[in-house]
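Below, chain A is the first sequence line, B the second, and so on; all start at residue 1. Heavy atoms only: backbone and side chains are in, while hydrogens, waters and symmetry mates are out.
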Amino acid sequence: MHDIKAIAKDRDGFVKGLTRRGLADAGALADSLLEQDKVLRDVLTRLQIQQARRNDASKLIGQAKQNKDEVLAKTLLDEVAGLKDEIQKGEAQQRELEEGLRQALAVVPNIPAADVPEGADERANVPVASRAFGTHPGINAPKQHFEIGEALGQMDFERAAKVSGARFVYLKGDLAKLERAIAAFMLDTHTEKFGYTEVSPPVLVRDQAMFGTGQLPKFEEDLFSTKASEEFIGPEEATVRLDSMTGAVAVEFKGSRAADLQKSFKGRFFLNRPVAAGSTLNNIFPVIENSFWLIPTAEVPLTNYVSGEILNEAELPLRMTAYTPCFRAEAGSAGRDTRGMIRMHQFSKVELVSITTPEQSPAEHERMTDAAQEILKKLDLAHRVVTLCTGDMGFGAQKTYDIEVWLPGQNTYREISSCSNCGPFQARRMNTRFRNAEGKVAGAVHTLNGSGLAVGRTLVAILENYQQADGSVAIPSVLQPYMGGKTQISKF
RNA sequence: GGACAGGUGGCCGAGUGGUUUAAGGCAGCGGUCUUGAAAACCGCCGUGGGUGAAAGCUCACCGUGAGUUCGAAUCUCACCCUGUCCGCCA
């Protein structure tokens with residue numbers, strides 16, 4: 001989330017940054033935001049003058065009543081009689097304008113860092129030569145990971161489809177154990193070598209956490225949700241109208257939790273008998289769903305760990321790592337990567353999150369990328385690193401490195417990690433700040449996140465890079481201790 | 001899921017409609033005293049916003065949101081969270 005004051009101070013920088021990202025009308029957006037802010041401040045200024053007058057008068061009324069001076073009290077009461085209405089109107093206006101501005105700001109993506117290359121899509125990403133590692137293994141007629149896994153009898157997509165549908169998998173035997181070994185190896189490396197604290201976080205979270213890291217409100221269709229409970233809203237809290245011409249149904253919520261209800265209303269109704277077009281609809285009720293979200297990445301619970309807090313600079317950087325399942329709806333990916341384990345509705349990942357100061361964050365970003373690469377180096381898997389161009393970066397990122405591992409079976413590099421510096425963007429959404437050495441609040445922290453690494457794709461990479469001519473798969477030496485000393489995986 | 005009790009500054013804690021501008025204490029910072037320290041004493045000590053060149057003036061915030069009132073930490077309603085007991089449960 002952007003700071004409106006920062007936009008006001010540097011409108012051109014804001015417009016230039018968003019234009020670099022590919023936004024067509026950044027100038028108009030900036031003007032609209034600044035205009036909304038101006039209107040809000042005008043309302044505030046007027047309202048506060050009225051509030052100050054009311055406060056003074058109320059104090060005097062209190063004194064007068066204590067002195068039994070009913071005449072003076074009455075005079076003062078008459079004086080402020082009209083003020084109450086105006087103040088309430090002003091407060092309502094303030095709420096509305098603040099909410100409007102907040103909503104408008106909530107969907108604006110982060111500004112790319114100055115050293116991010118400009119471009120429209122992944123073709124404009126720029127390799128980081130100094131971070132390239134390894135050589136492609138010479139494998140004769142390499143197989144793809146699902147061919148290898150299925151031939152081993154330890155990877156089963158058909159049964160997963162029977163039970164859960166497309167984009168799920170069963171791993172069995174040594175492959176199931178290998179997944180666990182990979183995760184344990186990653187966690188041990190990050191905690192022991194890089195000082196990350198291992199965390200086992202919640203994987204179901206509230207709206208507010210998803211808002212904090214930027215998945216909501218814009219990317220709801222990528223998420224899965226649970227239905228924790230549902231509620232039928234009666235006529236005291238909702239009015240339902242059916243348009244007799246178009247048949248369109250309109251719902252208006254009222255009462256003290258109207259705003260919450262509006263937010264939780266997903267367009268479902270409960271009917272206790274058929275209704276005809278007309279004005280009164282007493283037998284149709286809106287259904288409110290109270291739900292949790294399934295995390296698409298552990299970035300969400302790890303980053304939100306510090307939401308709403310003021311941290312001491314001395315305790316930064318905060319480094320956390322977690323091994324969790326991740327759930328993604330993959331809306332809009334229909335037909336892409338349909339075979340194999342590359343794109344799943346459920347996969348596991350070891351995540352890295354750092355909370356730092358603005359001064360530290362660029363260095364921390366490099367360090368985090370080092371930590372992620374260290375895993376691939378120890379596994380001796382060839383890979384390259386690219387700096388994402390402005391058009392390919394995620395919503396909350398100001399700079400992102402993708403790590404792409406070589407997959408002989410696919411004869412290509414595939415993303416296995418994405419390390420992003422989000423700057424103060426998420427911290428502002430979460431309201432996480434820090435106190436400097438002098439004890440003064442010194443603004444929003446910077447947040448960073450990166451995969452360290454995607455466990456499923458790491459397993460894919462091992463299968464394809466360590467495949468043997470006889471159909472077995474060699475186990476990388478660093479994983480052998482985690483596999484009970486085994487050196488290879490074979491059919492049985 | 002049921003019953004009850006709670007939620008006040010970094011922490012503890014007082015406060016049931018009107019000089020509350022949130023008492024008091026602890027911790028922290030500065031000072032006096034001291035050779036130095038401790039003690040004692042004095043002062044400072046929340047966040048965000050509006051306005052302003054600044055000093056300052058001012059508004060909001062006592063779990064969250066709405067409401068009653070000239071005036072709300074205090075009264076009303078809803079929600080969230082915590083604790084204890086009961087029930088269920090890996």
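Nucleotide G6(B) has C81(B) as its partner under the Watson-Crick or G-U criteria, with both atom distances under 3.5 Å. For A53(B), there is no paired base (Watson-Crick or G-U wobble, both distances below 3.5 Å). Remark: C61(B) base-pairs with G46(B). Criterion, Watson-Crick or G-U wobble with two distances under 3.5 Å. Using Watson-Crick or G-U wobble geometry with both donor-acceptor distances under 3.5 Å, G18(B) finds its partner in C70(B). Using the Watson-Crick or G-U wobble rule with both distances under 3.5 Å, C88(B) pairs with nothing in any strand shown.
Straight-line distance between the C1' atoms of G13(B) and G7(B): roughly 14 Å, to the nearest whole Å. When the C1' atom is compared between U21(B) and G71(B), the two are found 15 Å apart, to the nearest whole Å. Annotation: A66(B) and C45(B) have their C1' atoms spaced 34 Å apart (nearest Å). A gap of 26 Å separates the C1' atoms of G63(B) and G50(B), to the nearest Å. Here, G24(B) and G15(B) have their C1' atoms 11 Å apart, quoted to the whole Å. The gap from the P atom of U8(B) to that of A23(B) amounts to 16 Å, rounded to the nearest Å. Look at the C1' atom in both G25(B) and U76(B): the space between them is 34 Å, to the nearest Å. G52(B) and C70(B) have their C1' atoms separated by 31 Å, given to the nearest Å.
Listed pair Arg53(A) / C70(B) fails the phosphate criterion, with no side-chain N or O lying under 4.0 Å from OP1 or OP2. Contact annotation: Arg206(A) side-chain N/O to C81(B) OP1/OP2 distance is under 4.0 Å. Distances shorter than 4.0 Å separate some side-chain N or O of Gln88(A) from OP1 or OP2 on U68(B). Checking the phosphate oxygens (OP1, OP2) of G48(B), no side-chain nitrogen or oxygen of Arg428(A) falls inside 4.0 Å. Contact between the side-chain N/O atoms of Arg41(A) and the OP1/OP2 oxygens of U51(B) is found at a separation under 4.0 Å.
Remark: side-chain polar atoms of Arg328(A) are paired, donor with acceptor, to backbone N or O of Pro296(A) under 3.5 angstrom. In this structure, the side chain of Asp156(A) engages the main chain of Arg159(A) through a donor-acceptor pair within 3.5 Å.
Closest to the Gln48(A) side chain, of the nucleotides G50(B), G18(B), G46(B), is G50(B). Closest to the Lys59(A) side chain, of the nucleotides G71(B), C81(B), U21(B), is U21(B).
Across all strands, Arg95(A) comes closer than 4.0 Å only to sugar-phosphate atoms, never to a base (heavy-atom distances). Using a 4.0 Å heavy-atom distance criterion, Arg46(A) is classed as making no nucleic acid contact. Backbone-only contact: Leu44(A) has heavy atoms under 4.0 Å from sugar-phosphate atoms and none from a base. Contact annotation for Ala52(A): backbone-only contact, meaning every heavy-atom pair under 4.0 Å involves sugar-phosphate atoms and none involves a base. Residue-level contact check: Lys74(A) touches neither bases nor backbone, having no heavy atom under 4.0 Å from any strand. In this structure, Gln208(A) reaches neither bases nor backbone, as no heavy-atom distance under 4.0 Å exists between it and the strands shown.
A donor-acceptor pair shorter than 3.5 Å can be found between the side chains of Glu299(A) and Gln426(A).
Between Leu60(A) atom CG and U19(B) atom P the separation is 12 Å, expressed in whole Å. Taking atom CD of Glu99(A) as the reference point, atom P of A66(B) lies 11 Å away to the nearest angstrom. Atom CZ of Arg54(A) and atom P of U68(B) are 13 Å apart (whole Å). We find that CD of Glu98(A) is positioned 11 Å from C1' of G48(B), with the value rounded to whole Å. When rounded to the nearest whole Å, the span between CG of Leu97(A) and C1' of G49(B) equals 15 Å. The CD atom of Glu91(A) sits 13 Å away from the C1' atom of C61(B) (whole-angstrom rounding). Rounded to whole Å, atom P of G71(B) lies 14 Å from atom CG of Asp56(A). If you measure from atom CG of Asn312(A) to atom P of A27(B), you get 18 Å, rounded to the nearest angstrom.
For Gln63(A) against G18(B), a side-chain-to-base donor-acceptor contact under 3.5 Å is absent.
One distance of note links CZ of Phe219(A) with CD of Gln215(A); it measures 9.0 Å at 0.5 Å rounding. Taken to the nearest 0.5 Å, the OG atom of Ser348(A) stands 3.5 Å off from the CD atom of Glu179(A). Going from atom CD1 of Ile355(A) over to atom CG of Asn449(A) covers 9.5 Å, rounded to the nearest 0.5 Å.
When each of Lys5(A) and Gln51(A) is assigned the nucleotide of RNA chain B bearing its nearest heavy atom, the one mapping closer to the 5' terminus is Lys5(A). Positionally, the nearest nucleotide of RNA chain B for Ile310(A) lies more toward the 5' end than for the other of Ile310(A) and Asn55(A).
The pair Arg319(A)-Glu364(A) meets the salt-bridge criterion, with a side-chain N (NZ, NE, NH1 or NH2) lying under 4.0 Å from an Asp/Glu carboxylate O.
Of all heavy-atom pairs between Phe211(A) and Arg429(A), the closest is O-NE, 2.7 Å.
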